[in-house]
Amino acid sequence: MCSKDFAAEDNANKKNNTMKTTELELDREVVSAKEWEAARQQLLVKEKELTRARDALAAERRRMPWLTIEKDYTFDGPEGKASLVDLFDGRRQLIIYRAFFEPGVHGWPDHACVGCSMIADHVGHLAHLNARDTTLAFASRSPQTDIKRVKARMGWGRIPWYTITDDFDKDFGVDEWHGHNAFIRDGNRVFRTYFINARGDEAFGTTWSYLDMTALGRQEEWEDSPEGYPQTPPYEWWNWNDDYTDAPPSEGWSAAVERGIQAGQGRRRPGSLRAGVPMKEMVDREAKGEQTMKGGRRKKTRTM
């Protein structure tokens, strides 16, 4: 999608984000209400175990040691230059999401990276975070003029969005890869407390959670679904919220996905997946807990 006319609101290819009404021939057992509830109760036991495991993991995060931030970082913001302390906006905690919106990223200059855009779409009303003394901000390398324009167009006006001007992205592991960094401050002393990236970022988006509870799931090839379920390659169905159409993925987005997967392999531990591994195998491994790509950079070409 290097070039596209986005002005036509009545684009004939637009669709209403619903599946076409077709008859799905799926081999699923249909049971009585009593049997259905019994099956649900069996899964509920595992869901509660997962909830408790998630709570236990969060408890461990709260006991993580902190890392003192020694360097002074400078950002450009709507009001001019801002320090890392300024990004807290007077609150105790700060979460910074590194979004890929800049020259060299698929979609530039009309859009941010597709995956980063999906994360931005999922940001709720920030008053709730603020009520717990926590600020959320996004950071990219795009100039503020472009950030302001795209925020207005995509409905992201509530998100504080800053321009990275130094080595912040490199120092915090997000120069080639998206991710959320968490910080806490004591006066002007700032500490890094945690970092989440790769598929961990899915927890911040409701689309994946909603799809995971449906009968058909995410409908991606890596999923363990019954025979005959509709499935497509992962990532490629993602799109900007103003550009879902019946058309297949553009060559630009498909190429960005592949480049990002290759860039993601470059960040792996020695002995992990070899270069050139097929996308399906990559995502199969990722589903089992190994890191893969939702975005990254290869030379001068970046995706989320």
Do [X] and [Y] sit in the same hydrophobic cluster, where Ile, Leu, Val, Met, Phe, Trp and Tyr count as joined when their side-chain heavy atoms come under 4.5 Å apart?
X      : Y      : answer
Phe100 : Ile196 : no
Phe195 : Ile184 : no
Trp240 : Val123 : yes
Phe204 : Val174 : no

Electrostatic pair [X]-[Y], nearest N-O below 4.0 angstrom:
X      : Y      : result
Asp146 : Arg149 : yes
Glu202 : Arg199 : yes
Arg98  : Asp169 : yes
Arg40  : Glu37  : yes

Do you know the tightest heavy-atom contact between [X] and [Y]?
X      : Y      : result
Gly124 : Arg158 : O-CD, 3.1 Å
Ala99  : Ser140 : O-OG, 2.6 Å
Phe138 : Ala120 : CE2-CB, 3.7 Å
Gln144 : Asp76  : NE2-O, 3.2 Å
Glu223 : Asp212 : OE2-OD1, 4.4 Å

Does [X] have any ring-ring contact (aromatic ring centres under 6.0 Å, His included) partners at least two apart in sequence or in another chain, and if so, which?
X      : answer
Tyr194 : none
Trp36  : none
Phe88  : none

Between [X] and [Y], how do the two ring planes meet: parallel, tilted or perpendicular, split at 30° and 60°?
X      : Y      : answer
Phe172 : Phe183 : perpendicular
Phe101 : Trp161 : perpendicular
Phe168 : Phe75  : perpendicular

Between Trp156 and His111, does the ring centroid distance fall short of 6.0 Å? no

Student check: side-chain heavy atoms of Leu94 and Leu84 closer than 4.5 Å: yes

Under 4.5 Å between any side-chain heavy atoms of Arg92 and Thr134, yes or no? no

Mind checking the OH-CD1 spacing from Tyr162 to Ile96? Nearest 0.5 Å is all I need. 9.0 Å

Examine the side chains of Asp201 and Tyr97 and answer whether a donor and an acceptor come within less than 3.5 Å of each other. no

